[in-house]
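Not measured: the values here are computed from a predicted model.
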Amino acid sequence: MGTLFVVATPIGNLEDITLRALRVLREADLIVAEDTRTTAKLLARYDIHTPMLSFFEHNELRRLDEIIHALADKNLALVSEAGMPGISDPGYRLIRAALDSGFPVVPVPGPSALITALAVSGLPADRFIYLGFLPRKRVDRQRLLASVRYEPYTLVAFEAPHRLLDSLTDVLTVLGDRTMAVGRELTKIHEEVRRGPVSSHIAHFQNEAPRGEFTFVIAGAPEGEKWTEEGVRQAIAGLLIHGESALTVAKEVASLSGWPRQRIYRMALEMGLIEKHGRGRE
């Protein structure tokens with residue numbers, strides 16, 4: 001019976017790899033890689049010639065059975081495009097399938113953008129909530145942020161450069177002008193970690209085209225902060241998207257805040273954001 005080794009690889013700087021990871025990659029019968037082109041650069045750097053098989057979002061269903069079958073008599077090393085496999089990448093499905101099939105799954109820990117950004121953010125790292133990649137659609141993104149609005153824990157999320165300003169604006173709208181750190185291109189040549197209020201990051205990136213991969217580390221809600229009327233009104237305004245019905249908005253905010261749905265419905269009408277029994281104003 002083979003073993004699936006879950007191997008962390010560098011998030012940027014190729015020197016950030018453990019001796020154990022290099023040994024496992026050399027000794028494995030096959031490397032299962034999210035991006036074979038990225039992994040090939042790492043293997044070339046360390047003169048490793050283990051064969052590779054791609055496993056990514058668009059071929060995972062087709063490849064899953066093949067890989068599980070190979071585990072019957074081979075040791076496989078699973079690597080993400082960068083960082084620890086299984087964290088916001090298709091590797092999770094392979095790990096789950098290997099466990100369900102009774103194969104040993106062994107971690108080979110190392111770099112992680114999540115932990116790297118959290119460690120240098122200057123914000124509390126004893127308790128945090130990882131939100132993964134923020135949703136692409138604004139309505140979904142605002143709903144997610146609203147759901148953790150009053151959590152006292154530090155929040156961590158990933159974002160792409162082309163959605164950076166939209167997401168920062170949503171953070172400001174839904175969570176307020178909190179302290180946050182924005183990490184860019186961590187461990188790479190153009191590494192940058194900016195710290196300050198959300199509004200300061202918006203002002204900065206309005207004057208500089210966002211490039212690279214970004215990690216947000218956002219301060220949690222002040223201890224004891226609860227859903228006030230002002231907070232509920234902000235959530236109504238933040239979550240309302242053109243085409244949403246009044247009932248949908250009331251149900252969403254009531255679920256998040258614990259306030260009565262009818263009261264929220266009336267507040268939305270008073271705010272002039274939605275038509276009675278209708279949808280958002282165009």
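- Residues Glu66 and Leu53 are in side-chain contact: their nearest non-hydrogen atoms beyond the backbone lie under 4.5 Å apart.
- Gly2 and Pro104 get closest at one heavy-atom pair: O-CD, 3.3 Å.
- Inter-residue side-chain proximity for Asp89 and Phe56 is flagged as unmet; no heavy-atom pair is nearer than 4.5 Å.
- Contact annotation: the side chain of Pro10 approaches that of Leu42 to within less than 4.5 Å [non-hydrogen atoms, C-beta and beyond].
- Two different hydrophobic clusters hold Val108 and Ile95 under the rule that ILVMFWY side chains link at heavy-atom gaps under 4.5 Å.
- Residues Phe5 and Val105 fail the side-chain proximity criterion, which asks for heavy atoms closer than 4.5 Å.
- Checked for salt-bridge contact, Arg136 and Asp140 miss the test: no charged N lies under 4.0 Å from a carboxylate O.
- In the model, Ser167 has a side-chain atom that pairs as donor or acceptor with a side-chain atom of Arg141 under 3.5 Å.
- With hydrogens and angles left out, the side-chain atoms of Arg26 and Thr50 include no donor and acceptor closer than 3.5 Å.
- Contact between Pro51 and Leu30 at its shortest, heavy atoms only, is O-CD1, 3.5 Å.
- Within a 6.0 Å radius of CZ in Arg211, no more than 12 heavy atoms belonging to other residues, nucleotides or ligands are found.
- Other residues, nucleotides and ligands contribute over 12 non-hydrogen atoms within 6.0 Å of the CD atom of Glu208.
- Ionic pairing of Lys188 and Glu191 is not present here: no N-O contact between side-chain nitrogen and carboxylate oxygen is shorter than 4.0 angstrom.
- Within the 4.5 Å cutoff, the side chain of Arg37 has no heavy atoms near those of the Glu81 side chain.
- Remark: Tyr46 OH is packed, more than 12 non-hydrogen atoms of other residues, nucleotides or ligands lying under 6.0 Å away.
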Legend entry - Phe214 and Phe205: CA distance, side-chain angles, deciding distance, ring pair (Phe, Tyr, Trp, His ring centres under 6.0 Å) verdict: CA-CA 12 Å; Phe214 290 86; Phe205 288 110; 5.5 Å; yes

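- In terms of hydrophobic clustering, with Ile, Leu, Val, Met, Phe, Trp and Tyr side chains grouped at heavy-atom distances under 4.5 Å, Phe158 and Val193 are assigned to different clusters.
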